Amino acid sequence: MLTINKKRWLAVITAVLVAGSVLGVIPANASLEESMCEGDYTPPLAQEVPVEVVQEKSVTASPKTAQVERVEMMYQVREGDTLWSIAQRTGITMDRLAQANNKKLDDILVTGTTLILPGIDIQQHRVAEGETLSHIAGQYGVSVDRLMAANQLDNPHLIRVGQTLQIPADSQRESVPTLKAGKIQIGGWAWPVVGEITSHFGIREDRPHEGIDIGAVSGTTIKAPAAGRVVWAAPRGTYGLTVIIDHGNGLRSLYAHCSKLLVQEGQQVARNQAIALVGSTGRSSGPHLHMEVLRQGVPVDPLLFLKERLFA
């Protein structure tokens with residue numbers, strides 16, 4: 001029985017080889033062993049599918065971001081200041097700073113001299129963790145549609161953390177308290193808490209530290225350094241519980257790592273009004289206040305805005 005089956009099996013294999021040779025599936029001179037082994041594999045050709053080509057948007061055709069009214073700031077030179085150090089702390093180039101004040105790059109600044117800190121033409125906003133386009137629009141009193149148009153966005157849900165948005169200007173003046181048009185003097189803000197500066201503005205461990213850290217005991221009251229409107233009072237990613245105050249004229253201050261918030265978004269606050277309590281929420285190694293100041297979205301050294309002497 002076994003002999004008969006083997007003969008039948010060989011007959012079937014032979015028939016397959018003959019048919020394969022005739023049809024061209026198996027090389028005519030291939031043996032049975034060669035036909036059963038893995039050989040070079042030729043993938044099937046991909047079917048060609050017509051692809052719709054989407055034309056890139058023309059930059060020139062896109063809506064332009066409205067320019068804001070430039071507000072110059074006046075800063076009184078303090079001991080140790082140089083054009084270079086002020087430029088580093090304000091995000092202004094030395095050339096521009098020198099030109100605005102009719103100075104040469106190597107001029108020595110005299111303590112007490114008033115310098116002009118030139119502004120920029122646009123208001124920017126860097127997207128933080130937890131923010132939505134709708135919420136950002138609400139902070140500046142601008143519609144989502146206008147914000148999308150100014151930034152050439154097709155989908156209001158597709159913004160990323162760290163993305164810089166251009167804010168249309170005319171709405172800002174409606175949404176923030178007006179302090180003073182033209183030039184404003186800085187350097188007189190009250191200190192939000194009493195404590196030692198434990199980390200300064202600038203480069204820290206090869207990364208920018210965009211504010212100052214003030215050491216304080218957990219639960220210490222944080223006070224608004226100047227009047228303004230609260231535009232953020234909620235957790236803010238690595239910042240933890242955070243308060244942001246809009247002071248008008250493109251100025252905002254931020255208070256991070258709080259243990260408790262004492263204000264709500266939209267609330268007007270006065271100078272020295274309690275806004276939060278010191279804590280260690282978010283990415284923090286211990287209780288302290290992290291304070292930032294942003295001028296038209298650009299981080300600047302808060303010490304330029306605070307009174308030179310803590311108890312003055």
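In this chain, residues are counted from 1 in sequence order. Since this is a predicted model, take the numbers as computed values, not measurements.
His247 places a side-chain N or O within 3.5 Å of a backbone atom of Ala227 that can act as its donor or acceptor partner. Side-chain N or O atoms of Asn155 include one that pairs as donor or acceptor with a backbone N or O of His157 at under 3.5 Å. Side-chain N or O atoms of Gln185 include one that pairs as donor or acceptor with a backbone N or O of Met74 at under 3.5 Å. Between the side chain of Trp191 and the backbone N or O of Leu306, no donor-acceptor pair lies under 3.5 Å. Between the Thr220 side chain and the Ser218 main chain, no donor and acceptor come within less than 3.5 Å of each other. Judged by distance alone, the side chain of His257 and the main-chain N or O of Gly282 form no donor-acceptor pair under 3.5 Å.
When the shell of 6.0 Å around CD of Gln163 is examined, it contains more than 12 heavy atoms from other residues, nucleotides or ligands. Counting non-hydrogen atoms of neighbouring residues, nucleotides and ligands closer than 6.0 angstrom, the CZ atom of Arg283 reaches no more than 12 such neighbours. The environment of CD1 in Ile203 is crowded: more than 12 heavy-atom neighbours from other residues, nucleotides or ligands sit within 6.0 Å. The environment of CZ in Arg126 is sparse: at most 12 heavy-atom neighbours from other residues, nucleotides or ligands sit within 6.0 Å.
To the nearest 0.5 Å, the span separating CG on Leu147 from NE2 on His125 amounts to 9.0 Å. One distance of note links CD1 of Ile197 with CE of Met291; it measures 9.5 Å at 0.5 Å rounding. Atom CG in Asp145 sits 9.5 Å away from atom CG in Leu133 (nearest 0.5 Å). How far CD1 of Ile136 is from CD1 of Ile159: 4.5 Å, rounded to the nearest 0.5 Å. Rounded to the nearest 0.5 Å, atoms CD1 (Ile244) and CG (Asp246) are 9.5 Å apart. For the atom pair Gln88 CD and Thr93 OG1, the distance stands at 10.5 Å (nearest 0.5 Å).
Shortest non-hydrogen contact noted between Ala100 and Ile116 is O-CD1, 4.0 Å. Looking at every heavy atom in both residues, Ser280 comes nearest to Ser285 through OG-C, 4.2 Å. Of all non-hydrogen atoms in Pro192 and Leu289, the two that sit nearest each other are CG-CD2, 3.7 Å. Between Trp232 and Thr242, the shortest heavy-atom contact is CD1-O, 3.3 Å. Pairing each heavy atom of Pro302 with each of Phe201, the nearest pair is CD-CD1, 4.3 Å. Contact between Met94 and Ala87 at its shortest, heavy atoms only, is CG-CB, 3.8 Å.
Proximity of Met73 to Leu304: side-chain heavy atoms (C-beta onward) are nowhere separated by under 4.5 Å. When side chains are defined from C-beta on, Leu254 counts as touching His290, because their heavy atoms get closer than 4.5 Å. Considering only heavy atoms from C-beta on, Leu115 comes within 4.5 Å of Val77 through its side chain. Looking at Thr281 and Pro235, their side chains never come closer than 4.5 Å, going by heavy atoms from C-beta outward. Side-chain atoms of Gln124 and Val298, non-hydrogen and from C-beta on, do get closer than 4.5 Å to each other.
Counting only residues at least two apart or on different chains, the salt bridge (charged side-chain N to carboxylate O under 4.0 Å, His left out) pairs with a member in residues 80-89 are Asp81-Arg89, Arg89-Asp301.
Hydrophobic clustering (side-chain heavy atoms under 4.5 Å, transitive across Ile, Leu, Val, Met, Phe, Trp, Tyr) groups Phe305 together with Leu303. Clustering ILVMFWY residues whenever any of their side-chain heavy atoms sit less than 4.5 angstrom apart, transitively, puts Ile214 in the very cluster that holds Val300.
For the side-chain contact (heavy atoms from CB on, under 4.5 Å) criterion with Ile86, the lone passing option out of Thr82, Thr90, Leu83 is Thr90. A side-chain hydrogen bond (donor to acceptor under 3.5 Å, both in side chains) with Glu265 holds for exactly one of His135, Arg229, Gln139; it is His135. With Cys258 as reference, Ile222 is the one residue of Ile275, Val278, Ile222 to meet the side-chain contact (heavy atoms from CB on, under 4.5 Å) rule.
Note on Arg252 versus Glu292: no salt bridge recorded, every NZ/NE/NH1/NH2 to OD/OE distance being 4.0 Å or above.
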